[in-house]
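We number each residue from 1, following the sequence as shown.
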Amino acid sequence: MHKRPTVISATASALMLSLGMTTLAEAGMYRYTDEEGQIVISNTIPQPATKRGYDILNSNGRVVEVIPPAPTEDEITAREAEKQRQAELAAQREKDAQLLKRFSHPDQAIRAMHRKLDELRGLIQLKRGNISVISSQLDNEQSRAANMERSGQKIPDATLDKIRRLESQIRDIEREISWQTQETDSLIQSFEADVKRLEKITGEARTLKLDPDDTSD
């Protein structure tokens, strides 16, 4: 009569111990190196040790996950540099793809550049012709005003207004020519860069001159 409670108590104790081990195993065991370089296995891990990396073990003591050491500042810098490099390479590949959609050979880019330059230079030449016409009108108005002033006549406001208007027109056209000249320079630089890139990614060399008026190229 006195042994039965003892058996039940032992069974209960074994069950509790089993449950405790299962709970411990489920919580995870950690294997890490302490500050003295010793290997430690525990169900807890101090915060400083996590930076050195550690292993997570299962109930059989097998490694189920390896947590690597925290990266150093140099490693973080190197990773960021590599990430930036990869981003730049991806951006360059996209630019190359777009460039190849426009031109399959460096000579195609050169021909396109020549066409655009001809258009811009034609516009500039036309505007210079407009300046010549307006300058002639301005000279006439200024001569008429000078003659009136020498003869003691008052120069009409309409004449003065016309002179100012013609002068303003010339300044406006000169600014447009300046802008388009800068645009021409930028266009040449952009196309020259495209041509060099096309030569590299296609393996084809240009056969046309970048500047058709340059006899040294």
Quick one: side chains of residues 163-174, donor-acceptor pairs under 3.5 Å with protein atoms, not counting sequence neighbours, listed by atom name and distance.
unit_1: R164; atom_1: NH2; unit_2: D161; atom_2: OD1; d: 2.4
unit_1: E167; atom_1: OE2; unit_2: Q142; atom_2: NE2; d: 3.4
unit_1: D172; atom_1: OD1; unit_2: R175; atom_2: NH2; d: 2.3

Solution key, residues 188-195 side-chain donor-acceptor pairs under 3.5 Å, sequence neighbours excluded:
none

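The CZ atom of R111 lies 5.0 Å from the CG atom of L208; values are rounded to the nearest 0.5 Å. Note that the CG atom of L120 and the CD atom of Q125 stand 13.0 Å from one another [nearest 0.5 Å]. If you take CZ on R150 and CG on N147, they are separated by 4.5 Å, rounding to the nearest 0.5 Å. Within the model, atoms CD1 of I155 and CG of D157 stand 10.0 Å from one another, a figure rounded to the nearest 0.5 Å. Separating the OG1 atom in T184 from the CG atom in L117 is a distance of 6.5 Å, to the nearest 0.5 Å. In this structure, T72 OG1 and K51 NZ are separated by 13.0 Å, a value rounded to the nearest 0.5 Å.
Listed by chain and number, the residues in a salt bridge (charged side-chain N to carboxylate O under 4.0 Å, His left out) with D139 amount to none (sequence neighbours excluded). Partners of Q38 under the side chain to side chain donor-acceptor pair (under 3.5 Å) rule, at least two apart in sequence or in another chain, do not exist in this structure. Listed by chain and number, the residues in a ring-ring contact (aromatic ring centres under 6.0 Å, His included) with Y54 are Y30 (sequence neighbours excluded). Looking at residues two or more places apart in sequence or on another chain, you find a salt bridge (charged side-chain N to carboxylate O under 4.0 Å, His left out) between K83 and E80. Remark: S104 pairs with Q108 by the side chain to side chain donor-acceptor pair (under 3.5 Å) rule, at least two apart or across chains. With sequence neighbours excluded, the residues forming a side chain to side chain contact (heavy atoms under 4.5 Å, CB included) with D55 are R31, L57, V63, V66, listed by chain and number. E82 pairs by the salt bridge (charged side-chain N to carboxylate O under 4.0 Å, His left out) definition with R85, not counting sequence neighbours. The side chain to side chain donor-acceptor pair (under 3.5 Å) search around K127 returns E176, Q180, not counting sequence neighbours. Among residues two or more places apart in sequence or in another chain, the salt bridge (charged side-chain N to carboxylate O under 4.0 Å, His left out) test is passed with D96 by R197.
Taking each heavy atom of A205 and P106 in turn, the nearest pair found is C-CG, 4.5 Å. Among all heavy-atom pairs drawn from R52 and P48, the shortest one is NH1-O, 3.7 Å. Nearest heavy-atom pair, Y32 versus S42, reported as atom, atom and distance to 0.1 Å: CE2-CB, 4.4 Å. What you find for A112 and F103 is that their closest heavy atoms are CB-CE2, 3.7 Å.
Hydrophobic clustering (ILVMFWY, side-chain heavy atoms < 4.5 Å, transitive): M113 and I124 are in distinct clusters. Hydrophobic clustering keeps I177 apart from L187 (ILVMFWY residues linked when any side-chain heavy atoms are closer than 4.5 Å, directly or through intermediates). When hydrophobic clusters are built by joining Ile, Leu, Val, Met, Phe, Trp and Tyr residues whose side-chain heavy atoms come closer than 4.5 Å, directly or via intermediates, M148 is not grouped with L138. Under a hydrophobic clustering in which Ile, Leu, Val, Met, Phe, Trp and Tyr are joined whenever their side-chain heavy atoms come within less than 4.5 Å, directly or via other members, I110 and I201 fall into the same cluster.
Of the possible donor and acceptor atoms, none in the side chain of N60 sits under 3.5 Å from a partner among the backbone N and O of R62. Judged by distance alone, the side chain of H114 and the main-chain N or O of L210 form a donor-acceptor pair under 3.5 Å.
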Problem - I39 and T33: CA distance, side-chain angles, deciding distance, side-chain contact (heavy atoms from CB on, under 4.5 Å) verdict - result: CA-CA 5 Å; I39 300 298; T33 304; 3.5 Å; yes
Exercise for the section: Please step through side-chain contact (heavy atoms from CB on, under 4.5 Å) for the pair L198 and R206, ending with a clear verdict. Expected result: CA-CA 9 Å; L198 283 165; R206 64 182 173 88; over 6 Å; no
Practice task
Would you check, one step at a time, whether the test salt bridge (Lys or Arg N to Asp or Glu O under 4.0 Å) holds for E199 with K196?
Solution key: CA-CA 5 Å; E199 287 181 320; K196 289 179 181 179; over 6 Å; no
Exercise for the section: Starting from the C-alpha separation in whole Å, work towards a yes-or-no answer on side-chain contact (heavy atoms from CB on, under 4.5 Å) for R115 and D118. Expected result: CA-CA 5 Å; R115 288 194 296 270; D118 288 343; 5.7 Å; no
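For the pair R102/L99, a side-chain contact is recorded, criterion being any heavy-atom separation below 4.5 Å from C-beta on.
Identified under the ring-ring contact (aromatic ring centres under 6.0 Å, His included) test for residues 156-178, with sequence neighbours left out: none.
Counted by atom type alone, Q92 and E88 present zero donor-acceptor pairs between their side chains at under 3.5 Å.
Atom CD of E35 has 12 or fewer neighbouring heavy atoms from other residues, nucleotides or ligands inside a 6.0 Å radius.
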